[in-house]
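First up is the structure itself, then whatever we jot down about it.
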Amino acid sequence: MANDLGLTAYAPPVRIATWNVNSIRQRLPRLLALLARHELDVVCLQETKVADADFPIDALLEVGYEALSHGQGGRNGVAIVSRLPLDEIARGMAGDPVPAEARLLAARAGDLTIASLYAVNGKEVGDPAYETKLAWYEALRDWARASFDLAAPVLLTGDFNVAPDDRDVYDPVAWRGRNLASEPERDRLRDVLELGFDDLGRRAAGDVEGPFSFWDYRMGAFHRGWGLRIDLALGTAPVAARLVSVDVDREERKPTSGEGKPSDHAPVIVTLRD
DNA sequence: ATGTCACTTTACAAGTGA
């Protein structure tokens, strides 16, 4: 989108991806290939598993992207990579029950406010970590309500570690009540949506199964189709109004489709009209 | 429910988390 001067600095981002990379160190070659393959404007990353000083900012700069990292050594960690200038808005959130864990980063890119988030996994229903997950979601709701003008273009994207409903699980009967699909966590996610967000992946797909974005490494889950849709993009009304498509790059989940091994998550790509 | 992967540690194997 060029203006009269032929400049593109104010063009809004139109191709935005979210990807749980399960270690940026292991996945950097695949990330670079992904940026080029889809001509992405912005990518939100989760489970980078590096401290900020070890984030590969130079390798990204070389291919025309700047990056913000909110990381910690070894675990968790989120980042935003963009070929538009980024203005940092938030690093972590008030009221986080696990403030030492790097799970949330928000920035402005063009006219869009974008958050990269990595929800608490919860381990299993009944585990103390599950209660932490519910509390984390309540903090997310309160933070989002306090932080954003929900009439403005805002996109919350990342690994939510919740499959919103039974269409988002390969075997709803087997998964009923289990962590990632249980009703209390679905209720907490719904509370976030009810602030004024739309689940763009569901809106784009309609009333069908999936499309899944995560397959466990074990048991040949990808090959067997044992997937979940837990990587989400939640947009306010101005974003939803610009929605063109939401696509899962399933090729990226295959061992053969790039350098090194795949993440257990596939990238989810949101395309907007400019 | 767990057939893998990535990380860490006082490191050449085992535990943790997902």
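Here the structure is a predicted model, which is why all the values come from computation and not from measurement. Each chain gets a letter, A, B and so on, in the order its sequence line appears, and its residues count up from 1.
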### Message
In whole Å, I'd like the distance from the CD atom of Gln72(A) to the P atom of dC7(B).
### Response
13 Å

### Task
Provide the distance between the two C1' atoms, one in dT16(B) and one in dA11(B), to the nearest whole Å.
16 Å

### Query
Rounded to the Å, how far apart are Asn179(A) CG and dT2(B) P?
16 Å

### Task
Would you indicate what Arg224(A) reaches in the nucleic acid, counting non-hydrogen atoms under 4.0 angstrom: base, sugar-phosphate, or nothing?
base

## Note on the structure
Under a 4.0 Å heavy-atom criterion, the protein footprint on nucleotides 9-18 of chain B, written with B, S and -, is --------SB

### Task
For dA13(B) and dA1(B), measure between their C1' atoms and round to the nearest Å.
26 Å

### Task
Consider only side-chain N and O atoms of Glu124(A) and Asn179(A), and report whether a donor and an acceptor are under 3.5 Å apart.
no

### Query
Which part of the nucleic acid, if any, lies within contact of Gly74(A), taking any heavy atom under 4.0 Å across all strands shown: a base, the sugar-phosphate backbone alone, or nothing?
sugar-phosphate

### Query
Whole Å only: how far is the CD atom of Gln26(A) from the C1' atom of dC7(B)?
10 Å

Pairs under 3.5 angstrom only: tabulate donor-acceptor contacts from the side chains of residues 54-70 of chain A to other protein residues two or more places apart or in another chain.
unit_1: Tyr65(A); atom_1: OH; unit_2: Leu40(A); atom_2: O; d: 2.6
unit_1: Glu66(A); atom_1: OE2; unit_2: Leu86(A); atom_2: N; d: 3.0
unit_1: Ser69(A); atom_1: OG; unit_2: Asp52(A); atom_2: OD1; d: 2.8

### Spacing between Trp226(A) atom CH2 and dT2(B) atom P, to the nearest angstrom
11 Å

### Short side-chain donor-acceptor distance under 3.5 Å, Thr113(A) and Arg108(A)
yes

### Query
Regarding Tyr137(A) and Asp187(A), is there a side-chain donor-to-acceptor distance under 3.5 Å anywhere?
no

### Task
Determine the interatomic distance between P on dG3(B) and the same-named atom on dT8(B); round to the nearest Å.
24 Å

### Task
Go through the side-chain N and O atoms of Gln46(A) and Ser116(A) and say whether any donor and acceptor fall under 3.5 Å apart.
yes

### Task
Please state the P separation for the pair dG15(B) and dT10(B) - nearest whole angstrom.
14 Å

### Task
Between dG17(B) and dC12(B), how far apart are the C1' atoms? Round to whole Å, please.
23 Å

### Query
Between Thr48(A) and Gly220(A), which has a closest nucleotide on DNA chain B that is more 5'?
Gly220(A)

### Message
Looking only at side-chain N and O atoms, does Tyr170(A) offer a donor or acceptor that is under 3.5 Å from a partner on Trp215(A)?
### Response
no

### Task
Could you check whether Trp215(A) gets within reach of a base, just the sugar-phosphate, or nothing at all, counting any heavy atom under 4.0 Å?
nothing

### Message
Using whole Å, what does the distance between atom P of nucleotide dA6(B) and atom CG of Leu28(A) come to?
### Response
14 Å

### Message
For dC5(B) and Ser263(A) - does any side-chain N or O of the residue sit under 4.0 Å from the phosphate oxygens OP1/OP2?
### Response
no

### Task
Could you state the atom-to-atom distance from CD1 of Ile24(A) to P of dC7(B) in whole Å?
11 Å

### Message
Could you tell me if Ser213(A) and Asp231(A) have a donor-acceptor pair between their side chains, going purely by distance under 3.5 Å?
### Response
yes

